[in-house]
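Heads up, the thing below is written out as structure tokens.
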Amino acid sequence: MPDIVTRFAPSPTGHLHIGGARTAVFCWLLARHFGGRFYLRIEDTDPLRSKQEYTDAILASMRWLGLDWDGPPVFQSRRADLYDGLADMLLASGHAYWCGCTPEEVEAMREIARQNGAKPRYSGKCRERRLGPGQGRCLRLKIPLTGKIVFDDMVKGRIVVDAGELDDMVIRRADGMPTYNLAVVADDNDMGVTHVIRGDDHVSNTPRQILIYQALGLPVPRFGHVPMILGHDRRKLSKRHGARSVIEYQRDGLLPQALVSYLARLGWSRGNQELFTPEELVRYFDGGNLNPAAAAFDPAKLEWTNARFMRSMPPDDLARHVAPFARDAGFVDTPEERLAELCVLFRERATDLRALAQCFRPLLVPAAELAVHEKDAARHLTDEGKNHLRALAAVFRSCDPFDAETVNAALDAYVADNSLTFKQVAPPLRTALMGFMGGSHLNDTMAFLGREETLARLRRATEFADEKKSQS
RNA sequence: GUCCCCAUCGUCUAGUCGGCCCAGGACAACGGCCUUUCACGCCGUCAACAGCGGUUCGAAUCCGCUUGGGGACGCCA
């Protein structure tokens, strides 16, 4: 039996969002660091909101992030027997009772409590009525009237709650379905979960769950409540803040390991280290150093993180990641070795894979289809510029081999022999090759294009300039 | 309203037992350098211990209060 067992338990009512992903990352890291087990549980007890497509999407996002889980996912909707058994035990031991109050009656009780300035709660009307099962009756947990519930949270420290603050919560609905708190306890216990890492919004559920554990005589796991993620304005995170689902970040061209690094760093730290490979995270994350304060999501830093990962990974790996984006951009039959070369040329000029793939465009389209930036053309494809291009065409034609070094030497010689400066020659050359004043280094660009394509572009640029001239 | 939680630069954070912190790193912003474009990179600038009391020789670090923020209060999860 491994000593650390964690679980991630999303409800399939939407895609995996950034907050849930971070919780999953922490759960996964804790288990992997200690060589324990990490389970996935789908909390689909709400048939109205749960959807199969969301389950599939969440699993896909987990896989993409590299968060592998142990064993098959557990579905709460298929474990009614487990919950029924525990509910019956609670009833038999006198820790639970049947309640015949209608939802309307309960709402009225809450309203009264509210008006008295107290916490809205169930009054406990059926607590001592010794009702039996019946139509419309639910099961409630008999909460102790006095005493304190204490637990030492891994991130928040000691939390103390008065039992008197809690009301007798429903553990099984009138339709027989278990309530969240009962199902969680039942499953966590059944799965042998030792460390419950979850969102901040669950701290108030924890005392209730502890009471269930205690009523059942079950061992209480360790809890760790990570704060929620805030938007840039430190308000609750929403779509407006640029925080989206994991799937959207994937589509936008983020590297999964970059997202994981950023997410881990949001609320956790190890000295001044900013970037972590998944291996480093597993090595260093032991559940400590978690920040109890909520953190704001910063798209700019995520972008920077991603850019750093793109620049530091082997070109072959980068090429594999950028391939789908290159296909989307229309470059369907560019071989991966070719993409790897392009990655080396452009990886410092893009912060995500999608933008990187777009950078390839000028070098992958045929000369005739190269988009020419009007302003740059007007400025640099002048008569003088064209003369340079014609002369350079002759120079480059005799370059052999046609590689970056040779081409560069030829260019150097041309500038020197004619007492020119680079500033006179480079702009027209660049405009001819790229179509605008941007892009990769000239020698690398020409080496990538090869002799024929390079010459074609020089020719095409002079023709383009001639056309423009005759038009005006 | 009641209960719980939180509080260091705009943002993420470092800050182990209180002294090495007139608070360090990173992102962003701004300025500069590099430069055959655009970038990368490098250098620098701006910028914070929410407030008030206390404990102490000494507090960002401990305690209390205040303020501000968040969460929870469902037969949702």
Side-chain angles (χ1 to χ4, degrees), chain A residues 9-11 13 43-46 48-50 76 99 101-103 106-107 110 113-122 136-140 153 155-157 159-162 164-167 169-181 183-184 199-207 225 227-228 230 232-236 262 265-275 289 291-305 307 311 346-350 359 376 380 408 411 415 421-427 429-431 433-434 436-443:
Chain A
S11 58
T13 53
E43 309 221 321
D44 55 351
T45 53
D46 183 348
L48 291 173
R49 298 197 301 150
S50 300
Q76 286 193 322
C99 171
C101 299
T102 66
V106 175
E107 185 42 48
R110 292 202 183 94
R114 250 190 293 267
Q115 281 167 9
N116 292 342
K119 184 177 288 195
R121 63 213 306 274
Y122 172 67
R137 287 183 184 172
C138 63
L139 218 48
R140 284 183 187 274
D153 194 272
V155 353
K156 306 258 184 196
I159 293 178
V160 182
V161 177
D162 247 301
E165 287 298 327
L166 277 25
D167 64 355
M169 68 189 172
V170 172
I171 54 173
R172 185 160 68 181
R173 305 178 215 161
D175 65 4
M177 288 293 276
T179 241
Y180 168 73
N181 283 307
V184 166
D200 215 345
D201 47 338
H202 285 294
V203 293
S204 57
N205 282 321
T206 305
H225 289 96
M228 50 181 292
L230 269 27
H232 215 344
D233 51 6
R234 298 205 59 85
R235 308 213 36 128
K236 193 170 178 168
Y262 175 77
R265 193 59 187 56
L266 199 58
W268 174 82
S269 61
R270 192 181 98 101
N272 286 330
Q273 187 169 347
E274 298 288 347
L275 271 9
N289 291 312
N291 196 150
F297 179 81
D298 183 0
K301 190 151 186 179
L302 207 210
E303 186 177 279
W304 172 80
T305 303
R311 277 162 215 157
F346 291 103
R347 57 155 83 186
E348 268 122 44
R349 296 169 172 80
C359 288
D376 289 338
H380 303 299
N408 208 43
L411 188 54
V415 169
T421 64
F422 259 110
K423 295 242 188 264
Q424 291 171 276
V425 183
L429 214 208
R430 175 169 296 286
T431 306
L433 293 171
M434 295 294 300
F436 73 109
M437 285 298 286
S440 44
H441 293 296
L442 292 173
N443 53 342

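Note on naming: letters A, B, ... go to the chains in the order of the sequence lines (proteins, then strands), and numbering restarts at 1 for each one. Computed from heavy atoms alone, side chains included, the values below leave out hydrogens, waters and symmetry copies.
OP1 and OP2 of U36(B) both lie 4.0 Å or more from every side-chain N or O belonging to N443(A). Taking only side-chain nitrogens and oxygens, R172(A) never comes nearer than 4.0 Å to OP1 or OP2 of C75(B). Between S269(A) and A14(B) there is a side-chain polar atom (N or O) within less than 4.0 angstrom of OP1 or OP2. Residue K423(A) has a polar side-chain atom (N or O) positioned under 4.0 Å from OP1 or OP2 of U37(B). Proximity of T45(A) to the phosphate of A77(B): a side-chain N or O atom is located under 4.0 Å from OP1 or OP2. Using a 4.0 Å cut-off, no side-chain N or O of R270(A) falls inside it from OP1 or OP2 of A14(B).
With C6(B), C75(B), G71(B) as the candidates, the nucleotide lying closest to the side chain of M228(A) is G71(B). Residue E348(A) has its side chain nearest to A39(B) when only A14(B), A39(B), U2(B) are considered. Residue N272(A) has its side chain nearest to G24(B) when only G24(B), A28(B), C38(B) are considered.
U67(B) and C27(B): their P atoms are spaced 38 Å apart (whole Å). When the P atom is used for both C6(B) and A50(B), the distance is 15 Å, rounded to whole Å. Taking atom C1' in both A29(B) and G10(B), the straight-line distance is 9 Å, to the nearest Å. Comparing C73(B) with C30(B), their C1' atoms are spaced 47 Å from each other, to the whole Å. With P as the reference atom, C40(B) and G31(B) are 15 Å apart, rounded to whole Å.
Of the nucleotides present, none pairs with A39(B) by Watson-Crick or G-U wobble criteria with both distances under 3.5 Å. Base pairing annotation: G19(B) forms a Watson-Crick or G-U wobble pair with C57(B), both donor-acceptor distances under 3.5 Å. Base pairing of A7(B) is made with U67(B), judged by Watson-Crick or G-U wobble geometry with both donor-acceptor distances under 3.5 Å.
No N or O donor and acceptor, one from the side chain of K301(A) and one from the base of A28(B), sit under 3.5 Å apart.
Classification of D167(A) and K119(A) as a salt-bridged pair fails, no side-chain N sitting under 4.0 Å from a carboxylate O. Ion pairing of R265(A) with E274(A) is present here, as a side-chain N (NZ or NE/NH1/NH2) and a carboxylate O approach within less than 4.0 Å.
Residues passing the ring-ring contact (aromatic ring centres under 6.0 Å, His included) test with Y180(A), sequence neighbours excluded: H202(A).
A stacking contact links F422(A) to U36(B): the aromatic ring centre lies within less than 5.5 Å of the base's six-membered ring centre, and the planes differ by less than 30°.
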